[in-house]
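A short write-up of the structure that comes next.
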Amino acid sequence: MILTEMAPAWIRICLILTLVSGGFLLSSRNLRNLVRTYQVQSFLLVLIALGLTALEQNMVLLLVAALTLISKVCGIPYCIGFIQKRMSLKQDLTFSYLRPPGALMLSILIILLVYICFARILESLYEANSLFFLGSVIGVSLVLMGLIAVCTRKMAISKVLGYLSMENGVLAFGLFVTELPFFIEFVVIIDLIILVLLTSIMTVGIDSSIEEYKDRMQEFHLWSEEGGIS
Amino acid sequence: MNGESVIFGVLNIAFVLLISPFFMMVIKRVKARVQCRTGPHLLQGYYNLAKLFTKETLYSEYAGFISRIAPYATLSILLVAALQIPLFWIPGEELITANILVFLYLLVAGRLLIALLGLDTASTFGGMGSSREMSLSAVFEPVTVIVCAALVYVMGSFSIHEIFRTAHAMFPVFSPTVFLLSVPLFILIIVETGRVPVDNPETHLELTMVHEGMLLDTSGRNLALFELSQAVKQTLLMTILINVVFPVGIALDLSIPACILGAVLFVVKGTILCVIIGFFESAYAKMRLFQIPNFFMIAFFFSILTIFIEVIL
Amino acid sequence: MIAILYLILACVILLLQFIMRKHRSVSMLGVLHPVISLGITVYLIGTPAQWNASSFFLIDHLSLFIMLITSIIFAAAAIYAVGYIDGLVKSGDLERRSLRIFYFGFSLLLAVTTMAIFTPNIALFWICAELTTVLSALLIAILALRATIDASLKYIFICSTSMLFSFIGIIFLFEAVRNKTGAGSLEWTDIMRQAAGLETGMVWIAFVFFFIGFAAKSGIVPFHTWLPEAHAKAPSAVSAVLSGAILNIGMYGIIRMTGIMKDTAVFAQVSVLLLIFAMITMGVACLSMLRQKKLKPLIAFSSIENMGFILLGIGIGSPVSLFWVLFHMMGHSCIKAGLFFSAGILHRQYKLPTRTGEDEIGDLFLLQPFAAGTLMAGFAALMGMPLFPLFLSKVGILLSSTAISVWIPALVLVLFACAAVALIRFYLPIMAARFPSGEGPVPYTAPLSMKLPIVILLLLSLMIGTVMIPGEEAFLTAAVIDCGFGGQI
Amino acid sequence: MSELFLFIVLLYALSGAIPLCIRKKRIWSLSLGILGGGGILLTLFPLQYLLYSHPVETLLWFQWVTFPIVIGIDRLSAAFCFLLGIISLAAALYSPGYLDRMHGSRRTFVVAGFIPLFLLSMLLVILSKTTIAFLAFWEIMAILSFFLVLTEFEEEKTRYAALFYLAMTQLSTVFVFLGILLLFVHTGSWAYPVALPLSDPYMAASFLCLFLGIAIKTGVIPFHKWLPHAHPAAPSPVSALMSGMMISTALYALFRVVTGFFVMDLVYGFLILAFGCLTAVLGVMYALKEQDIKSLLAYSSIDNTGIILVGTGLWAVFSAYGLSVPALMALIGAIFHTISHGFFKGLLFLTAGSVCQAAHTRNIDELGGILVRMPLTGGLFFIGVLSITSIPPFSGFVGEFLILQSLISGLSEPSPLLQIIIIVVLSLFSLTGSLTVTTFVKAFGLTFLALPRSEGATRSHEVPWPMYAGPGVLAIMSAVLGIFSNQILYHAGYRDLLPDFFVLFLVLLVTMVLVYAAVWSFASRKTRITRTWDCGMMAPSSRMEYTGSGFTEPVVRFFSGVYRTRIWSTRKFLDQNQCLFQSGTGGIHLMKFFEEYLYLPVARRIDLFAAAVSSLQNGNVDRYVLCVFCTVLLLILILGWSA
């Protein structure tokens, strides 16, 4: 019904919006709305998943959408927010190599480049103007924009967020392959949980100076007091 | 190794020992006469040797076994070299290998021993003498090898006996190559025996003496042996020049009259060559040590010219 | 169903490590785990009938060979760790509390690596590879120093970001197989069977993206930057495992994928790409070795160089070069682990890395003659001395590379010469350095458990280098055929 | 015969393993005794192959992992085995005494253990019959000799020499490895190829690679710079082995390549000849100016390598022109000179080693008067000097004589180009001969004769008997080889190449005896020991003697073109704008041409390039991720472009 023929247009809009959220991720300075843009991006993915279920009537995608909703939209952002509160760091102002406007310009160039290259490589898909082709372009360029974020941000927490948006790019691309998405979703979730856990513990160490590091560690009662320096 | 070559050996060595001091005295006599002096008696060489053999020998307290062995070794090396060079009679079969390269390296051996002797007495003169001697010989030896190469190339064989035999056969025909060969051979005599342009044999002035410097500390019978070996070396080198350029009268077979004739003719030819050497020495002043390599270049140039002319003709 | 034993063993060991209280028993468990898995692997090698017992495990000559290397290195590292970790704890570098985390992580890393080697499914292989990254990052940062945490963060960021690209490659591959046969599959064997007809554009993209991730895993140049710092900062037992086993996992992935590409039309481009990356890797690694001032980064760069050389062998793609690639992997892992162990002894002796960052090594032959001797033997092995295995694989691979162009062996040999000079240029000054009398550090007597693995590994590499174990040649040839490079040797 | 060979190999391996495993005091005298036994067996073993023409016999065949290792012996390798046997006997006799006096107990066990293994690796290089075996044992030889050079690693000089040596041997291995790879690619088998044409570019490249590899190892001039550093830095028995035996092993490889592997044509003959002449002349010229006796001997090894290369080059040129007799003469001369060079260079290095150890210095200007204090060692050194300066009855003369004879008899070929080249080579060759005489008069005269110039030289005393028994063996061999050279070649099947030196030697002895008897009977026997003539002023002190540099100053002046000198001066001023001069130093030193213009610039450039490359690793994680990013972008571009 109306949902099915409206679905492809719906999916294309959501894909473009994910690209926009990637752009936001690059430019926002405040850590709080960095997390918020990540939540928006994940939510858009959920919408794409729903659109795809409408298009191909495959119940697995529904399960994927639910999983993404739980983990990406609420779970991980809450965890990062919790760590940020403890670190009481609000601003991430220092950038290396590229300031946000430069980063945005570069990401537009990248999207164009990926589009041209993939068009030349996958002519058959390009003529068929298939969703898979669009998904692959959007996915890869989102991953690359995440990589720029990791590369230009100084703060480890913002690097982790850049990495998470790369994960979203992979997921966006994975959704368009019918049999694979659940597996991808399962994969991505496990990886994310472990990764975020580990890096957040470490980033606490990196971003704060060395003295607070000791008591901060104590606060998390993970390591005892006398860590001797060899 | 048959009887004839043994006889040749004995005869040749005896004749060389006999005639060498005489030739030395002829040169001294000519040089004196050019300077309007009467000069020493012709037999003075023999008297000097006799006197030296009876005198007492002095050894420096620092000297090792080199000083004791060198005189005997030098003389015996040169006498062996004499076996290779027939003066007046070419035997049918060689006693020892008469290869010209072996002759050359025997001369080098003699020079090595004398140079070491110079260093053995820890005196400055000896050190200076042997340093100059070795430096000059280092530069001159390529020339001697090229001269030998030219000789071998022209005469076609390495053995000196064959060279003299072919020279004797070729003698009547006056060929330019033989003349060209005589100039480097003559320079060879001048340099090897340390004649004037290269080094002054008579002087004791440390600035000019090269050969004399090494023998400064020898005395008595050692000095006599060195004088004798010096004379023998000169005679051998003169023989090469004479028997290649003017080989008339060399006896080819073992007959008494031919040998006597050959010997007499050899003495005459030798005296004439000594006169020429005497005049040559008086005509030149001693060159500065570092100019001498240019003098060697003349000999080098002539011998290479001989080879090229032989190729072109 | 023998392969299941691996997983059961892993679970049992992890469980026991939770319960045990005393440090001694936990470390014993740590040793037990790799030794038993080595036993299982040898048993499996001995009984080919057991191999395709369950579809859940892909057991063939190649995976068993890599598993053999991994379990040897892990066993040696575990034995070494018994003495080494004691030393760390006694000297206060490692808190008693994080000991449990170390052994837990160590056993988990072995379990995950075993899983990675034996999974038939590419995606599962990708996850296990990703997990090895995470776990080894945890082990690197175990000393809780700022430098170690910094190094492990770099490791995580570079490796996992590149691994994401390889996941995209896997998706492309899945899509390509789906286009050809209607139902996409992620099994190594199925893809290899379908490889001939796959659509070239899709397969080429799949390989390139896959290569990016696993190049980072095995330290190929543009992505190698994490390796010297991670190996230098990690405790020596961990860096030996990293160099000896985890790099091989990356290479295992690349070998499998190149095996798939072998039958596709794209193989020419693939081998050119691999050759270029290999040459760049060897070039950068050898030249940076010339500038190294510290011991462990020097050894780490030589690992990068050897990985470049292995990539060169894979890039050539002939069965002979693959045979020697596997041989080189075995030799390199043993020697490199031995080297890191002796470096560990030197680190314990001279309290490296010191505050100033420079190595202060002196009175080498007075304080640590054993470690100095084994270090020199290891360097001789790395330089390709004939009795050691690297010489043979150098001959084999360069021989097959002459088929492509004569300039490759020339350049590779010059680079190997540079590496040899770099090794000795580092060793000579520390050999002769002297502490002013009385000021030298207190002599550190390395316990037997630290010396034993070094000797075992050196003897093992000597044995590999000189004598051909009876079944070895047939096993390696079968492994080469298994990974799709077929054809006569 | 292969059982005897296996027994010899076992002996060598055993004498190498014992000191490395058992650390009892003076265990090395037992192990070196075993080495001596092995050496004697090794000298007897090849005789049967040498004297009667014996077919090539494979002694050992086994499969090394997948490569065939074949050990076999033929006439050429038999000659070199003979040399190796004698030298290992000499080293076995000499080393215990030397090791006793060496400080550092653990080090002596390493040296005593590595010497037999080093000899064994050389033996296997000589006897290997497959290229892969040759390469493997060549590399083991290189690594073992590196460790031996590194024994006294305290001094900075030794470490520099060891590093320089390793870099050059690695370079040489690169070339040999490449040459062997190209050979395998063309012939398809590991066996030694026979008579490959040099017209095919691959084969030309393979020959050039092998030639360069060997040239680096033997110290041909542009690549020689490591040799004068490495050989003196090693302990004396090792430097004797390296100079005597290792250079001969490399030259064996050269003979194998030039005569066996390839069919030489004119261009390559001239190439070898050019390298030979350059190495011979420059080698001896640098030897002349050297003050350290062991590097003087090292440079003279380079010079002898040059002579041997000239012989080989002549063989190639004459066989290309079709002159078979001169070609054969040149080749036999070159091989004979390699063998005899092994003997007298080993002799010179061993005796020089005992002198340096007794006087605790290697500088000629601080030695002197050693002959009186160490008569036997001095005597043996004198025999070495006689044979290296090619005095007729000794073995050094035979090789040079053959090469000279082949050169001169090559003049008969009418082509003018060949004649010019022969004359140039002849003059350079004889210049080398005469400069060698000057060098060794200086080396022997100033080290052994006259007054000691330093405290160490004055206190030096004779070494224990084994330390001159070893060199004694070599002295006897270098004399016997020269005197009976004609008989040896006669039995080896080459008829009238040489004149009979045995008769010459006999006649020389007889004349010496006769002259002595005559003088003894007729002349007076009064002798007196007094002071050297000092113009009546004061007793000559050791400071009035001629020093090394003084002795060679005229020659340095003659060849000032070759000896470039560098004048340097440093000034210190009291004030900034440099007008009040405070102090200054100045000096003239002979410039090390090759080191300053060839080796150091190349090393510096490599270091700069390495610095640029390794600056990528600066520890900043953003830069690392940026690298990843750029590479991914590049790959995507390649994907797009290569579709």
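Chain naming here is simple, since letters A, B, ... match the order of the sequence lines and numbering starts at 1 in each.
- No other option in C:Val284, C:Ile464, C:Val414, C:Thr466 has as many heavy-atom pairs under 4.5 Å with chain D as C:Thr466.
- Only the side chain of D:Phe147 comes within contact range of chain C, judged by heavy atoms closer than 4.5 Å.
- Contacts between D:Phe184 and chain C at a heavy-atom distance below 4.5 Å involve the side chain alone, from C-beta outward.
- Taking each heavy atom of C:Ala432 and D:Glu154 in turn, the nearest pair found is CB-O, 4.5 Å.
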CA sep, side-chain torsions, deciding dist, call: C:Ile424, D:Phe146, side-chain contact (heavy atoms from CB on, under 4.5 Å):
CA-CA 11 Å; C:Ile424 295 301; D:Phe146 165 73; 3.5 Å; yes

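- Only the side chain of D:Ile143 comes within less than 4.5 Å of a heavy atom of chain C; its backbone N, CA, C and O stay farther away.
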Report the C-alpha distance between D:Gln170 and C:Met383 in whole Å, list the side-chain angles of each, state the deciding distance to 0.1 Å, and finish with yes or no for side-chain contact (heavy atoms from CB on, under 4.5 Å).
CA-CA 9 Å; D:Gln170 285 295 331; C:Met383 286 192 310; 4.3 Å; yes

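- For the set C:Leu398, C:Val395, C:Leu290, C:Val421, the count of heavy-atom pairs under 4.5 angstrom toward chain D peaks at C:Val395.
- Residues C:Phe365 and D:Arg107 form no side-chain contact, since every pair of their non-hydrogen atoms from C-beta on lies 4.5 Å or further apart.
- At least one side-chain heavy atom of D:Gln617 sits under 4.5 Å from a side-chain heavy atom of C:His224.
- Considering only heavy atoms from C-beta on, C:Thr161 stays 4.5 Å or farther from D:Phe629 through its side chain.
- By the 4.5 Å heavy-atom criterion applied to side chains, D:Leu150 and C:Met431 are counted as neighbours.
- D:Phe67 and C:Phe391 have their aromatic ring centers separated by at least 6.0 angstrom.
- Annotation: the span from C:Trp204 atom CH2 to D:Leu639 atom CG amounts to 6.5 Å, rounded to 0.5 Å.
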Could you go through C:Lys394 and D:Phe177, starting from their C-alpha distance and side-chain angles, then the distance that decides it, and tell me whether this counts as side-chain contact (heavy atoms from CB on, under 4.5 Å)?
CA-CA 10 Å; C:Lys394 199 159 73 165; D:Phe177 200 115; 4.0 Å; yes

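- Within the 4.5 Å cutoff, no side-chain heavy atoms of C:Tyr427 are placed close to those of D:Leu163.
- Note: C:Pro409 leads C:Pro409, C:Ser162, C:Ala215 in heavy-atom pairs under 4.5 Å with chain D.
- Of the charged side-chain nitrogens involved, at least one lies within less than 4.0 Å of a carboxylate oxygen, so that D:Asp607 and C:Arg425 count as a salt-bridged pair.
- Only the side chain of C:Phe277 comes within less than 4.5 Å of a heavy atom in chain D; its backbone stays farther off.
- Distance check: D:Ser615 OG to C:Arg291 CZ gives 9.5 Å after rounding to the nearest 0.5 Å.
- Listed for the D:Trp64 side chain is no donor-acceptor partner under 3.5 Å among the backbone atoms of C:Leu392.
- Residues C:Pro222 and D:Cys627 approach most closely at O-CB, 3.8 Å, considering heavy atoms.
- Ranked by heavy-atom pairs under 4.5 Å with chain D, the list C:Leu287, C:Ile212, C:Ile158, C:Thr402 is led by C:Leu287.
- Once rounded to the nearest 0.5 Å, the distance linking CG of D:Leu181 with CG of C:Leu413 reads 7.0 Å.
- Taking every heavy atom of both residues into account, D:Ala136 and C:Pro386 meet most closely at O-CG, 3.0 Å.
- Between D:Tyr202 and C:Val406 there is a side-chain heavy-atom pair separated by less than 4.5 Å.
- Using a 4.5 Å cut-off between heavy atoms, D:Val185 touches chain C through its side chain atoms alone.
- If you tally non-hydrogen atom pairs under 4.5 Å between each of D:Glu155, D:Arg623, D:Glu139, D:Glu156 and chain C, the highest count goes to D:Glu139.
- Taking chain D as the reference chain and counting heavy-atom pairs below 4.5 Å, the highest number among C:Leu273, C:Val266, C:Ile205, C:Leu387 is found for C:Ile205.
- Chain D forms the most heavy-atom pairs under 4.5 Å with one residue out of C:Trp226, C:Trp324, C:Phe416, C:Phe209, and that residue is C:Trp324.
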